[in-house]
*Asks:* 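I have a structure I would like to understand better, so I am pasting it below and will then ask my questions one at a time.
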Amino acid sequence: MEDIQKYLDLFIDETKEHLQEMNKGLLQLEHTPHEFKFVEIIFRSAHTIKGMAATLAFEKMASLTHEMESVLDALRNHSIVSTSELMSVLFRCVDTLERMLSSIAQGGTDEQPTAALVEALHSFIVDASSVSIGEKEKEGDFPFQELDQSIVQEAIREGRDCYWITVFLREDCVLRSARAFMVFQRLENEGEIIKSVPDIEKIEQEQVEGTTLSFLFLSTKTQDELRQLIEWVSEIDSVVIKKMTLSTHEENRMSNNENEVYQQKQIVHPSLDNKEKGKVAGRKTIRVDQARLDALMNTFSELIIERGRLEQISTDGNYQELQGTTERIARITSDLQVLILNMRMVPIEQVFSRFPRVVRDLSNGLGKQVHLQIEGSETELDRSLVDELGDPLIHLIRNALDHGIESPTQRLNQGKPAFGVLTLRAFQNGNHVFIEVKDDGHGIQREKIIRKAVETGIVVLDQAEKMNDQQIYSLLFHAGFSTADTITDVSGRGVGMDVVKTKVEQLGGKISIDSSPGKGTTFLLELPLSLSILPAMMVEIGIEKYAIPINAIVETAVYKRVTIQHAHQTDVIDFRGRIIPLIPSYQVFNILSWEADPEEVAVVILRYGEKTAGLIVSRFTGQQEVVLKTLGSYLPQVFGISGCTILGDGNVALVIDVATLLA
Amino acid sequence: MATALIVDDAAFMRMIIKGILTKLGHQVIGEAKNGLEAVNMYAELRPDFVTMDITMPEMDGIKAAQEICSQNPQAKVIMCSAMGQQQMVMDAIRAGAKDFVVKPFNEERVKEALKRVI
Amino acid sequence: MIQELEKKKMTNSGQIVVLRLGQEEYGIGIDQVKSIERIGKITRVPGVDSYVKGVMNLRGVITPVIDLRLRLGLTESPFTENNRIIIVSRDLLEVGLIVDETNDVLDISTGTIEPPPKGKEDDTHTDYLSGITKVESRLICLLELEEILHTKEVKEVI
């Protein structure tokens with residue numbers, strides 16, 4: 001029983017990935033219908049899912065993917081053309097597969113209505129007349145350049161036949177370059193290869209990756225002879241030969257409509273390009289149980305603590321030999337630390353990857369036109385966050401599309417371009433990952449929010465009128481605040497902002513809104529890099545020990561009391577020509593053991609973003625690496641404290657949160 | 001129905017290939033365990049085709065294929081390669097080998113390769 | 001409440017850990033007690049309720065510690081050799097309770113559990129008791145952990 005579960009888990013994981021690949025491929029294919037490499041990608045994923053589903057006896061899934069395969073196969077054989085109707089059906093097939101997978105993941109079956117889809121898929125193949133090579137002209141999927149065209153024209157005028165040959169290797173062909181080489185060799189013997197894709201260098205350097213080979217070939221042989229020649233090579237799936245005539249190679253014609261759609265391509269897929277590159281680089285991966293990574297991390301944290309203790313013993317006891325080993329251990333554990341932390345980090349691209357599809361579907365459903373811009377998808381964050389962020393982000397996207405971005409007509413009336421822009425931006429700063437969801441819609445209407453809040457009893461009218469914009473926006477996060485009257489949620493679910501906020505806070509993060517009426521709204525999520533081993537400076541304030549993350553420290557200094565000035569109800573000091581505020585840490589943290597030195601004051605100069613301030617401490621006690629631990633869910637959020645750490649002596653020191661302190 | 005010379009330094013592999021070839025209706029008339037033996041046995045037995053492993057002592061499969069093909073232009077040599085031997089396969093083809101099959105062997109593949117060659 | 005105790009009885013045969021605060025004895029169901037520790041170094045955490053003494057390192061786990069006397073509305077008392085911290089666990093939450101002394105583990109039968117005494121009207125501290133039981137001549141107040149660990153939600157200031 002356990003075994004089956006393991007297989008099932010793997011099946012679910014892999015199929016999920018492949019379905020993502022299919023979605024991505026379909027989107028790419030939709031934008032560039034002449035790029036057949038995308039058909040390959042989609043076909044391969046469908047094929048793999050089919051195999052897995054069949055093995056686990058998910059008949060319906062297997063047969064649906066099988067039907068998809070047939071259509072995809074016909075596409076790549078050029079026997080049918082891609083139309084928007086075909087794309088729609090394929091998208092719907094992927095959706096159905098997703099529903100099947102979802103049901104299976106919850107312990108159910110792959111039972112979903114597929115009859116209509118299968119019929120639609122069939123209709124595409126039946127419609128297509130059998131391949132008449134040379135008669136059916138494929139606009140735009142001619143992979144050869146202008147220059148080649150002129151060579152072709154020349155050759156044809158000389159009485160040689162020019163062929164455009166596409167060879168499809170079998171899917172399961174392992175040594176593709178070797179096969180490509182054989183085909184190349186055989187053709188070379190019978191004519192002149194003007195161009196080959198991939199070229200001979202790539203073939204000889206074993207860089208053939210796909211299963212499609214294309215040749216622009218001059219020869220006096222007939223089509224049939226050439227076909228026989230090529231098909232003689234083993235592991236060939238099919239060969240398509242087109243005879244070129246002077247009229248067949250026209251420039252790619254694209255109507256104006258298509259141009260507009262294709263513009264979107266630039267903006268939508270920069271992250272996808274990166275992934276493609278990653279694929280080319282051939283990054284090998286191995287699946288690891290997340291629980292094992294957790295265990296690894298916990299054990300490693302303990303190691304760090306012991307290392308700290310070892311270092312202390314070594315210095316205290318002045319054991320020379322020990323010092324050498326301790327230093328080496330420190331270096332090795334530092335390296336280990338980097339490795340382990342990296343293991344759990346995954347690029348946020350994993351979360352972002354499903355969004356283009358979501359935006360496409362939603363905007364279609366809502367009759368809005370939206371460009372999705374994704375930035376920083378290579379930003380990495382902890383695996384555990386990645387799994388949890390999908391839903392809240394989708395909520396925010398839905399919200400932006402539903403309530404933020406206006407309809408094309410409304411936008412044009414306001415002098416905005418018909419296409420709204422939704423930007424998803426991820427970046428890292430200090431110990432946090434920030435994700436921004438920004439739209440250029442009509443922003444948050446203060447009055448509307450107040451009205452709704454008063455209606456649902458969250459605030460009283462005069463209370464509301466006294467609130468500033470930020471406070472009004474925060475009302476959106478209140479449970480019970482629902483813009484039910486304007487919900488046109490495509491999936492029928494309620495879009496509660498309070499749910500988003502709760503989720504983000506559960507993940508240890510924060511969410512804030514900013515808006516500009518008429519211009520747009522920005523949601524900013526701040527999330528912790530959940531595993532943190534920080535280089536920190538240890539200080540004492542009174543008799544209490546605190547750790548300050550080094551990346552927030554500019555400098556440490558001792559100021560003479562007389563140099564402290566007073567401005568605007570705060571003590572300030574001159575730091576390199578700038579006047580910066582002094583933070584009375586003993587007040588902020590209620591430290592009763594604080595004793596002010598009459599002459600001097602020790603200050604740690606902190607910086608967060610644009611802000612700089614000096615934190616008053618009693619003394620500096622050195623630097624060390626600390627494992628940031630959370631204070632736990634029993635205690636409330638403490639102002640100015642991000643967590644705690646266990647010191648070498650086993651005691652706990654609090655870790656200062658510079659961001660909130662300086663805000 | 002053709003005669004075959006099997007070349008591989010592992011007795012186990014020779015047994016496997018022999019099994020497949022026999023099942024396909026061919027007759028194994030000789031077994032060589034390195035390239036040198038292969039060249040000699042080819043001259044002696046004149047099989048219809050040869051299955052040639054790549055990594056072998058004394059003389060490797062590519063060298064042997066080259067020897068056999070240059071001495072006998074009509075020779076039909078099929079290389080038996082592993083996944084990481086793509087370059088060597090290409091070298092063998094250049095040297096005159098007619099086709100290749102990737103290990104682990106699969107009756108279908110061998111059948112297909114032989115169809116072309118015999 | 002009787003049903004609750006019945007349920008507890010089924011899972012742990014009604015054993016309680018008996019602790020002392022001042023002159024009185026209190027009891028916590030043994031299934032909720034993870035361990036009993038001596039008082040170690042407690043790191044103060046600013047900005048928390050006064051009965052929360054801070055956090056301590058318990059074999060690598062950061063554990064919040066509260067003074068049970070303060071929590072129950074009794075006056076604070078300086079620590080002695082006898083003080084112990086009872087680590088209780090509830091829904092994955094682990095908290096340490098500082099008590100004057102831990103005594104023994106007793107078996108109690110449902111029959112002798114009475115509802116807790118009603119204190120004065122504004123005295124909410126009886127919420128923390130789930131009942132009273134008598135074993136021989138000892139009167140033991142049973143603690144309602146849920147209430148004791150109930151953390152006040154920080155109200156959002158709008």
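Below, chain A is the first sequence line, B the second, and so on; all start at residue 1.
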*Asks:* Step through the atoms of chain A and chain B and list each donor-acceptor pair whose separation is under 3.5 Å.
*Replies:*
| residue | atom | partner | partner atom | Å |
| --- | --- | --- | --- | --- |
| A:Arg170 | NH2 | B:Glu112 | OE1 | 3.2 |
| A:Asp172 | OD1 | B:Arg109 | NH2 | 3.2 |
| A:Asp172 | OD2 | B:Arg109 | NH2 | 3.3 |
| A:Arg176 | N | B:Gln86 | OE1 | 3.2 |
| A:Ser177 | N | B:Gln86 | OE1 | 2.8 |
| A:Ala178 | N | B:Gln86 | OE1 | 3.0 |
| A:Arg179 | NH1 | B:Asp99 | OD1 | 2.7 |
| A:Arg179 | NH2 | B:Asp99 | OD1 | 3.4 |
| A:Arg179 | NH2 | B:Phe100 | O | 2.7 |
| A:Glu204 | O | B:Gln87 | NE2 | 2.4 |
| A:Glu204 | OE2 | B:Arg94 | NH2 | 3.2 |
| A:Glu206 | OE1 | B:Gln86 | NE2 | 3.0 |
| A:Glu231 | O | B:Arg116 | NH2 | 3.2 |
| A:Trp232 | O | B:Arg116 | NE | 2.4 |
| A:Trp232 | NE1 | B:Arg116 | O | 3.0 |
| A:Val233 | O | B:Arg116 | NH2 | 3.1 |
| A:Ser234 | OG | B:Asp99 | OD2 | 2.5 |
| A:Glu235 | N | B:Glu112 | OE2 | 3.2 |
| A:Glu235 | OE2 | B:Arg109 | NH1 | 2.9 |

*Asks:* For B:Val89 and A:Ala178, work out which heavy atoms get closest and say how close.
*Replies:* CG1-CB, 3.8 Å
*Asks:* For A:Thr211, give me all partners under side-chain hydrogen bond (donor to acceptor under 3.5 Å, both in side chains), at least two apart in sequence or on another chain.
*Replies:* A:Glu40
*Asks:* Can you tell me which portion of B:Ala97 sits under 4.5 Å from chain A's heavy atoms? Options are side chain, backbone, both or neither.
*Replies:* neither
